[in-house]
Novice: 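I'd like to ask you about the structure that follows.
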Amino acid sequence: NLLYRLYGGLFDQVQVVSDQVRDYVIRTDRVDPRRVVTVPNSIELDRLPGPEKRLPRSTWGLPEGRPLITTVANVRHVKGIDTLVRTAARVAVAHPDVLFAVAGRVLEQEYHAGLLRLAEELGITGNLRFLGEVENPLALLAQSDVFLLPSRSEGMSNALLEAMASSLPSVATAVGGNCQLIEDGRTGFLVPPEDDASAAARIVHLLEHPAEAERLGRSARRLIEEQYSVEAVMELLMRQYDRLLAGSE
């Protein structure tokens, strides 16, 4: 932080991935607000698998026919996977056949071991799968019913971008760039971090109201197409460079 404060005045422009990170940089690093601009992460929409290229759930050892709640995140404390486990226990009360899948590498072994113990204590080992690193998470998202992102902190989540581009209804914590991507009740649902009760309530609601889940997924996809495609973000980035060049003449 000290270095940022010392050298912040040397930059013509500081680019950040979300408006929430922009606020942080201005407040904490004391960078001139006029120099801080948001250039969000983006997604190549043509990477999404069409219906003819979708893989069966058995590709990841998952059964067909069960409600599938997917999280794409490396297994570490900041990603809130312990909240996911508690959320799964609550959802399983209403939907005993629900399945929660976590796609991501285990980066904190002790934390992962604690998650397994917690799942056993809560009696939901049959409702939880740790898939490890998945080669094609977009294909997994295409077979899911709901996306859950229980992170304690985020900049701009690529996983959430991918889920929304996949027309999935998403439940995410109200942290960082999640608040920029999701307008609560329109492009998904926001819940407080570490609030497994709220997350479970939203997931149960989506499972029991498929028409609303579909509506949220369509709105999410439309937002990504308009503002977070590679083309849209590249156009924004070029405008920022044009502005910098015009100021240097």
Novice: I'd like to know if Lys79 and Glu108 make a salt bridge, using a cut-off of under 4.0 Å between side-chain N and carboxylate O.
Specialist: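 Judged by the 4.0 Å cut-off on N to carboxylate O distance, Lys79 and Glu108 do not form a salt bridge.
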
Novice: Counting C-beta onward and ignoring hydrogens, is there a side-chain heavy-atom pair between Val91 and Arg202 closer than 4.5 Å?
Specialist: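 Result no, sub-4.5 Å side-chain heavy-atom pair not found.
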
Novice: What's the verdict on side chain to side chain contact (heavy atoms under 4.5 Å, CB included) for Arg218 and Ser167, showing C-alpha distance, side-chain angles and the deciding distance?
Specialist: CA-CA 5 Å; Arg218 286 197 308 269; Ser167 301; 5.7 Å; no

Novice: Could you grab the distance from atom CD of Glu120 to atom CG of Leu115, nearest 0.5 Å is fine?
Specialist: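 It comes to 13.0 Å.
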
Novice: Quick one, Phe100 and Val102 - any side-chain contact, counting heavy atoms below 4.5 Å?
Specialist: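 Answer no - side chains too far apart.
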
Novice: Quickly, which of Val17, Val233, Leu237 forms a side-chain contact (heavy atoms from CB on, under 4.5 Å) with Pro40? Name it, please.
Specialist: Val233

Novice: State plainly whether the residues Arg221 and Glu225 are in salt-bridge range, i.e. N to O under 4.0 Å.
Specialist: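 Result for this pair is yes, salt bridge flagged.
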
Novice: Would Phe147 and Ile69 count as a side chain to side chain contact (heavy atoms under 4.5 Å, CB included) here? Give the steps.
Specialist: CA-CA 6 Å; Phe147 181 76; Ile69 318 302; over 6 Å; no

Novice: What distance do Leu236 atom CG and Gln227 atom CD have between them, rounded to the nearest 0.5 Å?
Specialist: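 Between atom CG of Leu236 and atom CD of Gln227 there are 10.0 Å.
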
Novice: Using a 3.5 Å distance criterion without hydrogens, assess whether the side chain of Glu64 forms a donor-acceptor pair with backbone atoms of Arg57.
Specialist: yes

Novice: Output yes when a side-chain donor or acceptor of Asn178 lies under 3.5 Å from a complementary backbone atom of Ala172, and no otherwise.
Specialist: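 Not a single qualifying donor-acceptor pair exists.
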
Novice: Is it true that Val175 and Tyr24 fall in one hydrophobic cluster, defined by side-chain heavy atoms closer than 4.5 Å?
Specialist: no

Novice: Let me confirm one number: the CG-CG distance from Asp29 to Leu3, rounded to the nearest 0.5 Å.
Specialist: 10.0 Å

Novice: Please collect all side chain to side chain donor-acceptor pair (under 3.5 Å) contacts where either partner lies in residues 130-144, sequence neighbours excluded, each pair once.
Specialist: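 Pairs touching residues 130-144 that pass the test: Thr70-Ser144.
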
Novice: Can you tell me if Asn74 uses its side chain to pair, donor with acceptor, with the backbone of Gly104 under 3.5 Å?
Specialist: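 Flag not set: sc Asn74 to bb Gly104 has no pair under 3.5 Å.
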
Novice: Quick check: does any side chain N or O of Arg66 sit under 3.5 Å from a backbone N or O of Asp97, one acting as donor and the other as acceptor?
Specialist: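 Such a contact is found between Arg66 side chain and Asp97 backbone.
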
Novice: What do the steps show when you test Leu181 against Met156 for side chain to side chain contact (heavy atoms under 4.5 Å, CB included), and what is the final call?
Specialist: CA-CA 8 Å; Leu181 288 170; Met156 171 68 71; 3.4 Å; yes

Novice: Indicate yes or no for a side-chain donor-acceptor contact from Thr87 to the backbone of Ala200 under 3.5 Å, with no hydrogens or angles considered.
Specialist: no

Novice: Between CZ of Phe130 and NE2 of His112, what distance do you get to the nearest 0.5 Å?
Specialist: 4.5 Å

Novice: Hey, are the side chains of Leu148 and Ile203 touching, using non-hydrogen atoms and a 4.5 Å cut-off?
Specialist: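 With C-beta onward as the side chain, the pair touches.
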
Novice: Using only atom types and a distance under 3.5 Å, with no angle test, would you say the side chain of Gln180 pairs donor to acceptor with the backbone of Asp19?
Specialist: yes

Novice: Applying side chain to side chain contact (heavy atoms under 4.5 Å, CB included) to Ser170 and Ile182, what does each step give before you reach the verdict?
Specialist: CA-CA 8 Å; Ser170 298; Ile182 292 183; 4.2 Å; yes

Novice: For the side chain of Arg35 and the backbone of Phe11, is there at least one donor-acceptor N/O pair under 3.5 Å apart?
Specialist: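 Such a contact is found between Arg35 side chain and Phe11 backbone.
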
Novice: Looking at side-chain heavy atoms only, is the closest gap between Ile224 and Ile43 below 4.5 Å?
Specialist: yes

Novice: Tell me whether Leu206 shares a hydrophobic cluster with Met164, the cluster being built from Ile, Leu, Val, Met, Phe, Trp, Tyr side chains joined at under 4.5 Å.
Specialist: no

Novice: Should Thr71 and Pro150 count as side-chain neighbours, where that means a heavy-atom distance under 4.5 Å?
Specialist: yes

Novice: Under 4.0 Å between a side-chain nitrogen and a carboxylate oxygen: does that hold for Glu212 and Arg215?
Specialist: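 Result for this pair is yes, salt bridge flagged.
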
Novice: May I ask you to say whether Arg90 pairs ionically with Asp196, meaning some side-chain N is under 4.0 Å from a carboxylate O?
Specialist: yes

Novice: Give a yes or no on whether the backbone of Glu154 and the side-chain of Ser151 come within a donor-acceptor separation of less than 3.5 Å.
Specialist: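 Between the backbone of Glu154 and the side chain of Ser151 there is no qualifying donor-acceptor contact (under 3.5 Å).
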
Novice: Is the side chain of Thr59 donor-acceptor paired with the backbone N or O of Leu55 at a distance under 3.5 Å, no angle test?
Specialist: no

Novice: Measure from the side-chain N and O atoms of Arg22 to the backbone N and O of Pro33, and report whether any donor-acceptor pair falls under 3.5 Å.
Specialist: yes

Novice: Going from CG on Leu160 to OH on Tyr228, what distance comes out if it is rounded to the nearest 0.5 angstrom?
Specialist: 10.0 Å

Novice: Nearest 0.5 angstrom please: Leu68 CG to Leu140 CG, how far?
Specialist: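 One finds 6.5 Å between CG of Leu68 and CG of Leu140.
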
Novice: Can you tell if the side chain of Met234 reaches within under 4.5 Å of the side chain of Ser42, non-hydrogen atoms only?
Specialist: no

Novice: Is a salt bridge present between Asp82 and Arg86, judged by a nitrogen-to-oxygen distance below 4.0 Å?
Specialist: yes

Novice: What are the two closest heavy atoms between Ala101 and Leu62, and how far apart are they?
Specialist: CB-CD1, 4.4 Å

Novice: With sequence neighbours excluded, what pairs up with Glu194 under the side-chain hydrogen bond (donor to acceptor under 3.5 Å, both in side chains) test?
Specialist: Arg152

